[in-house]
Protein chains: 2
Amino acid sequence: MAEKAGVSLGTVSNAINRPEILAPETLKRVRKAIDELKFIPNASAQTLRAGKTRILGLVVPDISNPFFTDLAKGVNDAALLAGYVVILCNTDEDSEKEDHYIDILAGQNVRGILITPAHETNKRLNEISKRGIGLTLVDRPSIGLDTCSVEVNDAHGGLLALEHLYERGHRKIMCLTGESDIPQVAERERGMREAISRIPKADRPTIITQRIPMMTADSASTVMSEHIAEKGLNFTAVICGNDLVAFGAIRAIRAAGYSIPEDVSVIGYDDIDFAANATVPLTSIAQPKYQLGYAAAELVISECENPEKHAHQKIQFQPHLIVRNSTRSI
Amino acid sequence: MAEKAGVSLGTVSNAINRPEILAPETLKRVRKAIDELKFIPNASAQTLRAGKTRILGLVVPDISNPFFTDLAKGVNDAALLAGYVVILCNTDEDSEKEDHYIDILAGQNVRGILITPAHETNKRLNEISKRGIGLTLVDRPSIGLDTCSVEVNDAHGGLLALEHLYERGHRKIMCLTGESDIPQVAERERGMREAISRIPKADRPTIITQRIPMMTADSASTVMSEHIAEKGLNFTAVICGNDLVAFGAIRAIRAAGYSIPEDVSVIGYDDIDFAANATVPLTSIAQPKYQLGYAAAELVISECENPEKHAHQKIQFQPHLIVRNSTRSI
DNA sequence: CCATATTATTGAAACGATTTAATAAAGAAG
DNA sequence: CTTCTTTATTAAATCGTTTCAATAATATGG
């Protein structure tokens, strides 16, 4: 330690953290020594003493999905502004990996965790809060858990998608989506049912639900190919769980010899940047991805900085429909 | 601490770090207590004692670019395997932000830094190595710096692109790329010159170099629009700095009333997943993105774990051409 | 059954900062 | 010249681990 200045290390600490209590003369001396020695306080020691870092953990199921990339950008930007830094954890929708990462983050003493749980809400999350680590659920409702959450009105998104297709004359609609234990999936389906209930009984469309194990293009493509092979093209439109799924579905439909949107209308979800540039520009339900991440980061940070005054809150954004060429009237 | 097991904390430490020296019976007891108390070792204390963290910093210019997303995934996976964790830093190609992040990472005592410097090699990086922080340059040659690097043969990539267009009859080629102070850009141009030098003098294509301030679709689109407005379509093909730039260029060319590939052939770089699904499936120079990140992480980690035995090395991958529909013969 | 070798466990020091209580020095008041 | 304030600095405790030397317990051999 820099006793080069001829002072005790307590004084050095004061020079850094409460310069006002030092005699101006001493302060100058210490500062000079700090500069000369290029002294940088050891973050681990500070953390150990203080019990708190300035690190956040961001746990997402698939960072390859531009939705989460944009979200991560929002998180990073908000964090940087508040002097925080973000550890990125990619779970590949694997619950075990998710648990493992959560343990690691806890070990790293992260101040807060932002997570989009891959499946139904993770039990480990309860312990997180108890450990005094801030927690905010991203793009997931906080069912059962006493935490903050930032979400998009998924029921409304489902409703928008269905109404759009109904208005264009579609009556046999496939819903290509994830497992029903994902709250988000359930919510969108609820929204679709709501839309259907508003339609005169005789004219109601039928829904074919086809679940895929992972929300990726490959997974979607495989399932769609199998479906068509088994049951033929028994639908005129597809509502997809996200845009990547839509790309996969489109690939499979084309491979089976059909075209988009002539034979099948396809609607995506998220409105990632590429949706506009896709082979067939994709109709999609847009979500404010960056803002979602930004707001979530602000939430945890506020929780971390002010645990007593903090009241858990839920921020909900509204999705909206972007019509492009992948859907058409029949 | 878990003296629930009725042992000293030294024994707990041993149970975790050198289980073989404990009596099997004691070990069992301690492990039970660890499970029950959900004990997770405090990383700050470990770090303080050991003098080293298990955190890596990854600094990239644009995490929205799928190239870097895939790379980040590779880094994350390799890091996880070695028990490391990654702090993600997105610089938006801004040198100041880059410097700021490097300082933050140094303050966090990261064990190693993986960086793709936005511009010419950053001076701050020299200090990094001196501080005992591992350093590996990703997708950039380590000019002047004494570090490891993982790169792709950019000269060869440039050569491949140019040869491809030349073979298809293009003699007026625009090169839509970044500032020449980016080593990578310079290398690719060198490769293109090399390709040209192999062509009989009379038949050599002319190159119109158009530089863009940022490697994004928007930036590319703006520059391309202006170019066409000013000078018309004075080229038959475009070699782009990356696939996003290619998308931007295509957008602008179409907005000016021309079509791809009928009027202009466009070739991208990186071969991001989406290139295959683009409006016009994009011809591109593929790079092993994930492997690049994975190898880079392995390199820093090896440097970190074995500083004395470590010899800096350069790993170079080869790019290859993927031909799709955005380029054609004239 | 004692002396010695072996094994298992523990106690205490160390890592590098922050913080609080104690001390030293200087100034003001009586 | 004391005594009391005020201000400036320091010493020591603390955070949660790891590690090494020391001790306790057990086994082995003579």
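Below, chain A is the first sequence line, B the second, and so on; all start at residue 1. Computed over heavy atoms, backbone and side chain alike; hydrogens, waters and symmetry mates excluded.
More than 12 heavy atoms of other residues, nucleotides or ligands lie within 6.0 Å of CD in A/E20, so this atom counts as buried by the packing criterion.
In this structure, CD of B/Q108 is placed 17 Å from P of C/dG16, rounded to the nearest angstrom. One interatomic measurement links the two molecules: CD of A/E20 to C1' of D/dT7, which rounds to 14 Å at whole-angstrom precision. Protein atom CG of A/L27 is 17 Å distant from nucleotide atom P of D/dT7, rounded to whole Å. With rounding to whole Å, B/I16 atom CD1 is found 14 Å from D/dG16 atom P. Atom-to-atom, NZ of B/K28 to C1' of C/dA8 comes out at 17 Å; the value is rounded to the nearest Å. In this structure, CZ of B/R54 is placed 16 Å from P of D/dT17, rounded to the nearest angstrom. When rounded to the nearest whole Å, the span between CD of A/E25 and C1' of C/dA25 equals 16 Å. For A/L22 and C/dA24, the CG to C1' distance is 16 Å, given to the nearest whole Å.
The side chain of A/R49 approaches C/dT19 more closely than any other nucleotide in the set C/dT9, D/dA8, C/dT19. Comparing D/dT19, D/dT9, D/dT17 by their nearest atom to the side chain of B/A45 picks out D/dT17. Candidate nucleotides D/dG16, D/dT18, D/dT9 were compared by shortest atom distance to the side chain of B/Q46, and D/dT18 ranks first. Residue A/L48 has its side chain nearest to C/dG16 when only C/dT9, D/dT18, C/dG16 are considered. Comparing C/dA8, D/dT18, D/dT14 against the side chain of B/L9 picks out D/dT18 as the nearest. For A/P41, counting side-chain heavy atoms from C-beta on, the closest listed nucleotide (C/dG11, C/dT19, C/dA17) is C/dA17. Considering only the side chain of A/T11, D/dT9 comes nearest among C/dG11, D/dT9, C/dA17.
Using a 3.5 Å distance cut-off with no hydrogens or angles, the side chains of A/K73 and B/S64 do pair a donor with an acceptor. B/S8 and B/T11 share a side-chain donor-acceptor pair at under 3.5 Å.
B/I40 comes within contact range of the sugar-phosphate backbone alone, with a heavy-atom separation under 4.0 Å but no base atom that close. Using a 4.0 Å heavy-atom cutoff across all strands shown, B/R18 reaches no nucleic acid atom at all.
Residues satisfying the side chain to side chain donor-acceptor pair (under 3.5 Å) test with A/Q313, not counting sequence neighbours, are none.
Heavy-atom distances to DNA chain C give each of A/N17 and B/N14 a nearest nucleotide, and the one nearer the 5′ end belongs to B/N14.
Taking CG of B/L135 as the start and CD of B/E303 as the end, the distance is 7.0 Å to the nearest 0.5 Å.
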